[in-house]
Amino acid sequence: MDIKDVENLAELARIELTEAEKIELLSDMDSILGYVKQIEEMKIEDVESEYRVHNVWREDKIETRDFSKEIIAEQFPDKQDGFLKVKKIL
Amino acid sequence: MIDLEKLTIIKARKALDSKEFSAVDLASVYLAEIKKKNGELNAYLEVFSDVLEQAKAADARIAKGESLPLLGIPLAIKDNILIKGKKASSASKMLENYVASYDATAIEKLKKQGAVFLGRTNMDEFALGGSTENSAYGVTKNPHDMRRVPGGTSGGSAACVASSMALAALGSDTGGSIRLPSAFCGVVGIKPTYGRVSRSGLMAAVSSFDVIGPIAKTVEDARVIYEVIKGQDLLDSTTISETTYPKTSFKKDLTIGVPWDLINGEGVNQNVKDNFSEVIKKLEKLGFKIKDIKLPNCLALYYIINFAEVSTNLARFDGVRYGLHKNGKNLFEDYMLSKGAGFGKETRRRVLLGAYVLSAGYYDAYYGKAQKAREALRKEFKDIYSEIDLILTPTCPIPAWKIGEKSDALSMYLADIFTVTANIVGIPAMSLPSGFSEIEGKKLPLGIQFMASHGGEDLLFEIGKKFDEIKDSP
């Protein structure tokens with residue numbers, strides 16, 4: 001790994017980093033990835049999952065849920081006419 | 001005068017029902033204790049302003065003759081569990097002013113019982129860590145030695161219970177976050193079977209590992225809370241029913257498996273080993289059979305999955321709908337600045353590591369391989385449990401460390417060696433106080449961990465009670 005990799009990952013994750021932080025993260029990540037790399041040496045035969053993935057359905061009826069629209073709207077960083085306002089995307 | 005140090009949920013229930021003291025009396029004593037101690041311990045991030053009103057409501061129900069196990073019982077709640085109308089910050093700057101818009105299912109169940117919520121407790125930011133040092137609001141101190149950490153991530157909850165600032169508490173466990181602080185603070189902590197307690201309203205860290213559970217002074221107290229909060233939930237499709245796993249029963253001649261190679265391996269403190277050997281001797285005296293078993297070191301596997309799911313789950317904190325928002329020139333800059341300012345050091349580290357292990361080119365070698373290893377481990381456990389009933393290990397390879405002592409992340413990860421396995425496989429596990437290690441003139445608590453097979457909580461409660469009766473015998 002080098003500093004460019006850290007910058008690339010930070011951009012993918014949308015996290016602003018300072019130069020000092022990038023250097024620190026690079027050394028941390030090198031040592032942590034070095035450790036978890038031992039998984040490469042594990043010999044595992046191809047195992048079938050015993051867990052059958054299945055949908056969990058509920059009856060198609062309206063369930064009332066207790067939540068507060070007011071609390072949600074109060075926390076919008078920016079709003080207009082009760083709607084969440086965000087910056088232009090395109 | 002209420003003797004908080006000796007009080008348990010069971011005793012408080014009797015006293016409340018017989019009008020020896022009221023829920024308001026009890027809550028007031030706790031509030032006074034918090035006022036005295038929390039300044040130094042920093043276990044609560046917030047003490048709720050309506051504690052006495054909650055207690056009054058409980059008293060009104062008691063006066064009408066109602067008696068429920070947790071009616072009027074004062075509890076502390078970890079800061080990543082939602083209580084409608086109250087702040088829930090996951091000890092992050094990102095959610096400093098976030099107010100929950102609904103109740104977590106576990107909270108809803110506690111409210112129905114009439115439990116009194118004293119406040120929200122400190123933790124490692126977004127439940128990432130092992131010492132509560134990663135909180136954006138300062139570390140919690142260990143009540144047994146103020147220079148040391150209380151363990152984490154539910155460090156505030158465990159410290160509250162250990163210092164009589166709450167009768168019991170809720171925590172959450174992703175890789176040991178209930179058990180490790182329980183061991184470091186000398187209290188009882190249970191990580192239930194995956195899916196036993198609804199995750200609705202628990203902030204997601206690692207969705208395939210996370211579970212809510214109780215931290216209490218005694219096994220019986222932990223059981224009372226567990227019985228209330230468990231159960232299938234429409235709002236969490238991974239919850240299990242009473243019949244998902246076969247019932248386990250307590251036998252006198254239980255066989256307990258001990259992974260000696262892991263315990264005698266490097267990194268396990270001598271005091272921990274000595275204490276553990278004493279425990280084994282006591283259990284043998286009771287007639288339990290001890291069997292040597294092999295368990296692999298699962299840390300690499302655990303952390304790869306942890307990083308991957310954390311980076312995915314934490315992507316939602318982008319400053320758009322709630323939480324910290326920093327204004328940039330465009331939406332991309334908003335994201336960069338908000339996450340940059342909102343996430344602490346360990347959180348950034350894990351998000352980046354997660355992005356790495358999931359990225360094209362590395363996915364197969366890390367995440368893909370880890371998933372296969374997880375499946376293989378589940379199979380291995382099935383075989384192990386066909387020969388034994390319980391697995392026993394120390395909860396942590398070392399006693400509580402000094403604040404700031406473990407400055408590199410990897411050395412802290414290694415403290416989770418005994419606890420992560422239960423989360424990977426999804427089995428229930430419990431940490432019990434097993435004695436003390438005297439270091440620099442302070443008695444630091446040690447803990448042991450029992451793991452049962454899927455759905456085997458009852459077995460844990462039974463063995464826990466038995467162990468409690470004999471642990472102080474010579």
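Small disclaimer: the values here were computed from a predicted structure and weren't measured. Values reported hereafter were calculated over all heavy atoms of this structure, with side chains retained and with hydrogens, waters and symmetry mates removed.
- Within residues 305-312 of chain B, the residues having any heavy atom closer than 4.5 Å to a heavy atom of chain A are B:Phe307, listed by residue number.
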Take B:Tyr322 and A:Phe76 through the ring pair (Phe, Tyr, Trp, His ring centres under 6.0 Å) test and state the conclusion after the steps.
CA-CA 5 Å; B:Tyr322 55 86; A:Phe76 292 161; 9.4 Å; no

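- The backbone N or O of B:Tyr102 sits nowhere less than 3.5 Å from a side-chain atom of A:Asp66 that would complete a donor-acceptor pair.
- With a 4.5 angstrom heavy-atom cutoff, A:Lys37 touches chain B via backbone and side-chain atoms both.
- Contact count against chain A (heavy-atom pairs under 4.5 Å) is highest for B:Lys369 among B:Lys369, B:Lys372, B:Lys84.
- Heavy-atom distances place no part of B:Leu324 under 4.5 Å from chain A, backbone and side chain included.
- The greatest number of non-hydrogen atom pairs below 4.5 Å with chain A, out of B:Thr238, B:Leu235, B:Leu314, is found for B:Leu235.
- Judged by distance alone, with hydrogens and angles left aside, the side-chain atoms of B:His454 form a donor-acceptor pair with the main-chain N or O of B:Val425 at under 3.5 Å.
- Formation of a donor-acceptor pair under 3.5 Å by the B:Ser90 side chain with backbone atoms of B:Ser92 is not found in this model.
- Per-residue heavy-atom pair counts under 4.5 Å with chain B were compared for A:Thr18, A:Asn55, A:Leu25, and the maximum is reached by A:Leu25.
- Contacts of A:Glu70 with chain B are absent, with no heavy-atom separation under 4.5 Å from either backbone or side chain.
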Anything under 3.5 Å between a donor and an acceptor, one on a side chain of residues 329-341 of chain B, the other on a protein residue two or more places apart or in another chain? List them.
{"unit_1": "B:Lys329", "atom_1": "NZ", "unit_2": "B:Glu333", "atom_2": "OE2", "d": "3.2"}
{"unit_1": "B:Asn330", "atom_1": "OD1", "unit_2": "B:Phe332", "atom_2": "N", "d": "3.3"}
{"unit_1": "B:Asn330", "atom_1": "OD1", "unit_2": "B:Glu333", "atom_2": "N", "d": "2.8"}
{"unit_1": "B:Glu333", "atom_1": "OE1", "unit_2": "B:Lys329", "atom_2": "N", "d": "2.9"}
{"unit_1": "B:Asp334", "atom_1": "OD1", "unit_2": "A:Lys87", "atom_2": "NZ", "d": "2.9"}
{"unit_1": "B:Asp334", "atom_1": "OD1", "unit_2": "B:Gly328", "atom_2": "N", "d": "2.6"}
{"unit_1": "B:Asp334", "atom_1": "OD2", "unit_2": "A:Lys87", "atom_2": "NZ", "d": "2.8"}
{"unit_1": "B:Ser338", "atom_1": "OG", "unit_2": "B:Lys326", "atom_2": "N", "d": "2.9"}
{"unit_1": "B:Ser338", "atom_1": "OG", "unit_2": "B:Asp334", "atom_2": "O", "d": "2.7"}
{"unit_1": "B:Lys339", "atom_1": "NZ", "unit_2": "B:Ala315", "atom_2": "O", "d": "3.2"}
{"unit_1": "B:Lys339", "atom_1": "NZ", "unit_2": "B:Phe317", "atom_2": "O", "d": "3.1"}

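- Of the residues considered (B:Ile304, B:Asp408, B:Val351), B:Ile304 shows the highest number of contacts with chain A, using heavy-atom pairs under 4.5 Å.
- Side-chain atoms of B:Ser386 come within 3.5 Å of backbone atoms of B:Asp383 as a donor-acceptor pair (strictly under, hydrogens ignored).
- The contact between A:Ile39 and chain B is made by backbone and side chain atoms together, counting heavy-atom distances below 4.5 Å.
- Put simply, CG on B:Leu410 and CG on B:Leu299 are 9.0 Å apart, with the number rounded to the nearest 0.5 Å.
- Chain B forms the most heavy-atom pairs under 4.5 Å with one residue out of A:Lys88, A:Glu74, A:Glu21, and that residue is A:Glu21.
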Check against ring pair (Phe, Tyr, Trp, His ring centres under 6.0 Å), B:Tyr413 and B:Tyr303:
CA-CA 8 Å; B:Tyr413 294 175; B:Tyr303 274 101; 4.2 Å; yes

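- Using a 4.5 Å cut-off between heavy atoms, B:Leu414 touches chain A through its side chain atoms alone.
- Your options are B:His325, B:Arg348, B:Lys345, and the one with the most heavy-atom pairs under 4.5 Å with chain A is B:Arg348.
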In residues 5-17 of chain A, what donor-acceptor pairs under 3.5 Å come from side-chain atoms, sequence neighbours left out?
{"unit_1": "A:Asp5", "atom_1": "OD2", "unit_2": "A:Asp2", "atom_2": "N", "d": "2.9"}
{"unit_1": "A:Glu7", "atom_1": "OE2", "unit_2": "A:Lys22", "atom_2": "NZ", "d": "3.2"}
{"unit_1": "A:Arg14", "atom_1": "NH1", "unit_2": "A:Glu11", "atom_2": "O", "d": "2.8"}

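- For chain A, the nearby part of B:Asn297 is the side chain; its heavy atoms alone come within less than 4.5 Å.
- A donor-acceptor pair under 3.5 Å links the side-chain atoms of A:Gln75 to the main chain of A:Ile71, judged by distance alone.
- Around CD of A:Glu63, the count of heavy atoms belonging to other residues, nucleotides or ligands within 6.0 Å exceeds 12.
- Of the atoms belonging to A:Glu24, it is side-chain heavy atoms, and not backbone ones, that fall under 4.5 Å from chain B.
- Counting heavy-atom pairs closer than 4.5 Å to chain A, the top residue among B:Ala373, B:Gly323, B:Ala376, B:Ala300 is B:Ala300.
- For a residue to count as touching a neighbouring chain, one of its non-hydrogen atoms must lie under 4.5 Å from one of that chain's; by this rule B:Leu353 touches chain A with backbone and side chain alike.
- A salt bridge (Lys or Arg N to Asp or Glu O under 4.0 Å) check over residues 25-36 of chain A, counting only residues at least two apart or in different chains, returns the pairs A:Asp28-B:Arg349.
- Ion pairing between B:Glu375 and B:Lys379 fails under the 4.0 Å rule for side-chain N and carboxylate O.
- The choice from B:Ala370, B:Gly85, B:Ser101 that makes the most heavy-atom pairs within less than 4.5 Å of chain A is B:Ser101.
- Interface residue A:Glu40: backbone and side-chain heavy atoms are both found under 4.5 Å from chain B.
- No side-chain donor-acceptor contact under 3.5 Å links B:Asp103 to the backbone of B:Ile83.
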